[in-house]
Participant: 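Here you go, one structure.
This one's a predicted model, so the numbers in the text were calculated from it and none came from an experiment. Atom set for the values below is all heavy atoms of this structure, side chains included, hydrogens, waters and symmetry mates excluded.
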Amino acid sequence: MLLIRPVLDLVRSLPLLVGALLLGHGNNWQWIGVAATVVTVATGISHCLTSRYRITATQVEWRTGLLLRKQRAVPRDRIRTVDVVSEPKHRLFSLSAVRIGTGRHDHGKGPGKDQLVLDAVTHEEAERLRTLLLHRKPAEAAAPPESLVAEVDKRWVRYAPFTLSGLAVVGAILGTVYQFARELHFDPVRFGPLRELTSRVLAQPVWMTVVWAAAGLLLVVSVLSIGGYVLSFWNFRLTREPGGTLHIRRGLVTTRSVSIEEDRLRGVELKEPLPLRMVGGAKCVAVAAGLREGKGADRGGGLLLPPAPVARAREVASEVLGEDIAKVPLARHPRAALTRRINRAVLGVLALAAALFALAWLDVLPAWPWQTALVLLPFAVLVAVDRYRALGHAVTGRYLVTRTGSLARGTVAVRRDRLTGIVVQRSLFQRRAGLVTVIAPVAAGRGHYHVPDVAEGAGLALADTAVPGLLTPFLVPPEKP
């Protein structure tokens with residue numbers, strides 16, 4: 001790290017250094033920039049030289065700093081995750097970074113405040129710490145080997161374009177380029193090659209321009225999505241260790257190793273976004289205490305299977321849970337739930353069209369936006385029908401299973417004995433339709449999972465079955481005739 005850290009600090013300081021040298025020519029500002037860069041590099045070197053850690057019977061202690069000393073201790077009974085990450089800067093010298101997570105995500109704290117990071121230890125030391133901190137004991141030399149649950153198939157890369165991850169990258173790139181062009185007052189249309197390209201585009205029919213633009217965007221998004229899939233999920237392996245831990249390894253350039261104790265596993269979720277579902281794909285995510293919940297839940301390390309065939313995703317979910325939930329028939333919801341979804345879809349489109357019509361009437365917008373909004377009405381009804389067809393729930397063995405969504409369909413199975421309670425709620429319109437929503441709170445994942453718009457009697461029976469005896473004091477037996 002004495003070779004790596006100064007280079008990284010120097011790269012981070014380049015904008016300040018270049019700005020000081022260019023704008024501070026002839027005065028003392030350039031020397032201030034150089035001095036600030038030297039201080040930054042020296043601080044990084046002192047951090048490497050003074051970092052120490054130790055594992056006691058009760059906590060993990062870390063200390064660093066020369067002039068300004070920092071100390072931190074994490075109780076071992078609060079450790080929820082131990083991730084081993086090897087970025088290119090680490091792999092160059094056979095090192096790893098160990099991220100010890102407590103599972104606390106307090107409001108007002110920045111990212112990483114819930115983690116203690118031991119940056120740059122050997123691979124062997126990283127594996128020893130992972131085993132010691134999770135299993136509370138050192139690894140045995142004669143321990144039985146871990147069993148393979150799932151590994152990536154190279155043919156699954158065909159699902160990458162349907163994850164739309166490349167679309168987010170394209171949006172970020174275009175936003176950055178636009179911001180820089182705006183700050184520099186640069187008009188790309190006035191630039192020679194771009195000006196010629198713009199004139200050619202404007203000379204051809206509009207429909208042809210739209211087709212070429214869509215084809216180009218689709219090609220770029222597909223390439224970026226495939227690249228992201230390979231970088232993130234290549235060499236993916238999910239194994240079960242003898243100590244009762246799920247071990248996830250993945251990554252091509254930057255490798256990551258995540259461990260999830262099965263005692264902290266609360267369930268799994270099958271995610272089937274519409275584009276992925278259209279090609280028969282899905283991904284499997286763990287619902288576990290201590291994992292960070294973010295966009296695309298794999299950010300928190302809980303991805304049990306990357307985008308893959310839906311049948312394989314169901315197999316992995318069943319093997320992880322210990323019960324075959326894929327073949328459990330889900331109970332259908334009443335027709336009143338369909339009416340609610342169609343009404344909300346139609347009223348939403350009509351409200352949008354009315355707002356756009358008002359703006360057109362005030363000469364703020366042309367007429368075509370509100371007319372286009374009305375064209376979306378049949379599609380909104382189709383989505384509403386698909387959302388209703390997706391609804392389903394069941395109680396099987398130790399798990400409560402619920403399925404919701406259309407554009408982002410998800411099927412989640414959570415352990416009933418790990419629920420922190422049960423909630424039955426009704427809105428005004430649900431009371432009129434005889435429907436209720438059952439909410440299952442759990443200290444993991446999103447924190448609560450819904451069974452929406454189920455018949456009142458069936459919802460109360462479901463809640464009483466999910467957590468037996470909890471609702472008994474509130475239930476009124478039917479009157480005898």
Side-chain angles (χ1 to χ4, degrees), residues 1-2 4-5 8-9 39-40 42-87 89-90 93-140 241 243-248 254-266 286 288-294 299-302 443-445 447:
M1 290 304 294
L2 289 176
I4 299 173
R5 184 65 182 264
L8 296 178
D9 290 336
V39 170
T40 301
T43 303
I45 293 176
S46 68
H47 176 84
C48 294
L49 292 174
T50 58
S51 290
R52 300 287 187 273
Y53 69 92
R54 68 179 178 182
I55 313 296
T56 70
T58 57
Q59 60 186 12
V60 181
E61 301 174 359
W62 172 78
R63 182 184 66 193
T64 188
L66 183 61
L67 299 178
L68 181 61
R69 176 160 295 182
K70 297 180 181 179
Q71 292 181 323
R72 189 175 178 188
V74 175
R76 293 181 61 176
D77 57 0
R78 281 180 46 193
I79 294 176
R80 299 294 181 266
T81 59
V82 179
D83 300 352
V84 179
V85 181
S86 296
E87 299 179 4
K89 64 180 182 181
H90 296 120
F93 297 98
S94 299
L95 301 175
S96 299
V98 180
R99 300 176 181 175
I100 304 170
T102 61
R104 294 186 58 185
H105 313 306
D106 298 333
H107 298 290
K109 291 187 176 182
K113 296 297 184 180
D114 59 332
Q115 289 184 339
L116 175 60
V117 181
L118 304 180
D119 197 3
V121 299
T122 63
H123 290 329
E124 294 77 11
E125 176 67 0
E127 286 300 318
R128 186 187 75 87
L129 291 175
R130 186 185 67 84
T131 303
L132 177 64
L133 296 178
L134 283 180
H135 301 316
R136 314 292 190 259
K137 59 182 179 180
E140 299 178 5
E241 296 180 328
T245 301
L246 297 174
H247 191 192
I248 305 166
T254 298
T255 62
R256 185 174 186 184
S257 172
V258 181
S259 299
I260 304 175
E261 288 186 284
E262 294 190 84
D263 288 342
R264 306 189 188 281
L265 189 68
R266 303 294 183 261
L291 293 180
R292 184 186 300 275
E293 180 72 16
R299 175 178 298 181

Participant: Which heavy atom in Trp62 sits nearest to a heavy atom in Val117, and how many Å separate them?
Facilitator: NE1-O, 4.4 Å
Participant: Heavy-atom distance under 4.5 Å between the side chains of Leu95 and Lys89, does that happen here?
Facilitator: no
Participant: Of all residues at least two apart in sequence or in a different chain, which pass the side chain to side chain contact (heavy atoms under 4.5 Å, CB included) check with Glu125?
Facilitator: Tyr53, Val121, Thr122, Arg128, Leu129
Participant: Is there side-chain contact between Ser259 and His247, with heavy atoms separated by less than 4.5 Å?
Facilitator: yes
Participant: Using only atom types and a distance under 3.5 Å, with no angle test, would you say the side chain of Ser46 pairs donor to acceptor with the backbone of Thr43?
Facilitator: yes
Participant: Could you tell me which residues satisfy side chain to side chain contact (heavy atoms under 4.5 Å, CB included) with Glu262, sequence neighbours excluded, listed by chain and number?
Facilitator: Arg240, Leu246
Participant: When rounded to the nearest 0.5 angstrom, what distance separates CD1 in Ile100 from CZ in Arg78?
Facilitator: 12.5 Å
Participant: Is any side-chain heavy atom of Thr58 closer than 4.5 Å to one of Arg76?
Facilitator: no
Participant: Would you say the side-chain atoms of His123 and Ser94 include a donor-acceptor pair closer than 3.5 Å?
Facilitator: no
Participant: Kindly indicate whether the side chain of Thr254, heavy atoms from C-beta on, has any atom under 4.5 Å from the side chain of Val85.
Facilitator: yes
Participant: What is the minimum heavy-atom distance between Ser96 and Ala126, and which atoms define it?
Facilitator: CB-CB, 4.0 Å
Participant: Measure the CG-CZ distance between Leu118 and Arg99 for me, rounded to the nearest 0.5 Å.
Facilitator: 11.5 Å
Participant: To the nearest 0.5 Å, tell me how far Ile45 CD1 sits from Thr50 OG1.
Facilitator: 11.5 Å
Participant: Give, for atom NZ of Lys70 and atom OG of Ser51, the distance between the pair rounded to the nearest 0.5 Å.
Facilitator: 10.0 Å
Participant: What do the steps show when you test Val258 against Thr81 for side chain to side chain contact (heavy atoms under 4.5 Å, CB included), and what is the final call?
Facilitator: CA-CA 7 Å; Val258 181; Thr81 59; 5.7 Å; no
Participant: Which value, rounded to the nearest 0.5 Å, describes the distance between Arg63 atom CZ and Arg69 atom CZ?
Facilitator: 5.0 Å
Participant: So, taking the atom named CD in Glu241 and the one named CD1 in Ile260, what distance separates them when rounded to the nearest 0.5 Å?
Facilitator: 11.5 Å
